[in-house]
Amino acid sequence: MKFFIDTANLSDIKEAQDMGILDGVTTNPSLMAKEGVSGHDNVIKHYQAICDIVDGDVSAEVIATDFEGMVKEGEALAELDDKIVVKIPMIKDGIKAIRYFTDRGIKTNCTLVFSAGQALLAAKAGATYVSPFIGRLDDISTDGMGLIDTIRLIYDNYGYETEILAASVRHPMHIIQCAELGADVMTGPLSAINALLKHPLTDSGLATFLADHSKANS
Ligand code: G3P
């Protein structure tokens, strides 16, 4: 299972990269705004800074919502670095744009996916990744994890190569359940990744080992 970090925070990206477990980064306009990144040139510079840190795919989202605009923006983003994956919203022009980029060998991430039908369309357009937002489905009392399960079944039925990128991951159990269901990738915040490290028996066991070592060597 690939681990992506869902942030535009350079220090969080560096921390995950330094741990040696990071396979990529996803961003979105809200995450860029959260880091105070604004203005075209600064956004471009920030994507370049992310690409310099991470050894893997970096999703960069288009702002345009019409086909021509998405193609223009996406082509400029893709030229920045081979790591860039053009992130495109799940709308009709977005599907057209995904097909355009797929036909030209440019990687895409179809974002804002909340149903199996949307995921099916993204795969048919040849998206590299499809991003079902599991946390946001859970937020409205819907079964986010059930959607991952259904998309896995559909993609396996037909051998679609689009990778299921479980997005809007909020906590460690989301990551574990995604792994159980066979999501190809999960993207979440550093807090969810770091939470996987934690177990009280690890903490108490390590404390005992160190205390015993210290007694024996004093
Ligand atoms: O990758 C999509 C993600 O950023 C959405 O997460 O927590 O805002 O629902 P969230």
Side-chain angles (χ1 to χ4, degrees), residues 1-13 15-17 21-38 43 46-47 50-51 53-54 56-65 70 73-74 77 83-91 94-95 97-98 107-116 118-119 121-123 127-148 151-152 162-179 181 183-196:
M1 183 191 205
K2 290 187 209 167
F3 272 32
F4 287 2
I5 190 167
D6 192 34
T7 185
N9 183 284
L10 299 182
S11 132
D12 283 3
I13 294 169
E15 186 176 328
Q17 176 67 30
I21 49 83
L22 194 64
D23 301 296
V25 175
T26 52
T27 62
N28 63 41
S30 302
L31 292 171
M32 292 296 259
K34 193 173 163 197
E35 298 308 315
V37 183
S38 62
V43 168
H46 205 77
Y47 282 135
I50 293 173
C51 289
I53 297 170
V54 72
D57 285 349
V58 175
S59 284
E61 189 158 345
V62 298
I63 304 299
T65 54
M70 283 188 262
E73 249 186 85
L77 288 168
K83 296 171 187 168
I84 293 286
V85 175
V86 183
K87 200 172 182 190
I88 297 180
M90 164 44 75
I91 52 178
I95 290 296
I98 289 169
K107 288 189 195 177
T108 55
N109 175 355
C110 184
T111 190
L112 290 165
V113 166
F114 294 93
S115 76
Q118 292 177 326
L121 276 176
T128 315
Y129 298 105
V130 65
S131 287
F133 278 29
I134 56 180
R136 291 193 191 183
L137 282 168
D138 290 353
D139 287 345
I140 57 158
S141 306
T142 311
D143 185 9
M145 216 48 71
L147 178 59
I148 300 293
I151 298 172
R152 180 75 284 154
T162 298
E163 293 189 49
I164 302 173
L165 196 174
S168 188
V169 158
R170 304 273 176 76
H171 51 71
M173 284 313 294
H174 270 157
I175 301 177
I176 291 161
Q177 287 161 356
C178 281
L181 294 173
D184 300 287
V185 192
M186 81 82 201
T187 191
L190 185 62
S191 58
I193 296 172
N194 279 339
L196 292 174

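Each ligand, and each atom within it, is numbered from 1 in the order the structure gives. Along the sequence shown, the residues carry numbers beginning at 1.
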Take Met145 and Ile134 through the test side chain to side chain contact (heavy atoms under 4.5 Å, CB included) and record every step on the way to the result. CA-CA 6 Å; Met145 216 48 71; Ile134 56 180; 3.7 Å; yes
Which residue and heavy atom of the protein sit nearest [atom], plus the separation:
atom	value
atom 3 (C) of ligand 1	Asp6 OD2, 2.9 Å
atom 6 (O) of ligand 1	Ser168 CA, 3.4 Å
atom 7 (O) of ligand 1	Arg170 NE, 2.9 Å
atom 8 (O) of ligand 1	Arg136 NH2, 2.8 Å

Is it the case that the side chain of [X] and the backbone of [Y] share a donor-acceptor pair, with hydrogens and angles ignored and the cut-off at 3.5 Å?
X	Y	answer
Gln118	Met90	no
Ser131	Ala167	no
His46	Ala8	yes

List the steps, then state whether side chain to side chain contact (heavy atoms under 4.5 Å, CB included) holds for Ile148 with Gln177. CA-CA 9 Å; Ile148 300 293; Gln177 287 161 356; over 6 Å; no
Indicate, as side chain, backbone, both or neither, the part of Asn28 found under 4.0 angstrom from ligand 1 when only non-hydrogen atoms are considered.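 It is the side chain that touches ligand 1; the backbone stays farther off.
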Taking it one step at a time, do Asn9 and Glu35 satisfy side-chain hydrogen bond (donor to acceptor under 3.5 Å, both in side chains)? CA-CA 6 Å; Asn9 183 284; Glu35 298 308 315; 3.2 Å; yes
Which of the ligand 1 atoms, numbered from 1, are nearer than 4.0 Å to a heavy atom of Ala167: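 Selected atoms, number and element: 1 (O), 2 (C).
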Output the list of atoms in ligand 1 that are nearer than 4.0 Å to some heavy atom of Phe133, sorted by atom number.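 Near Phe133, the atoms of ligand 1 are 2 (C), 5 (C).
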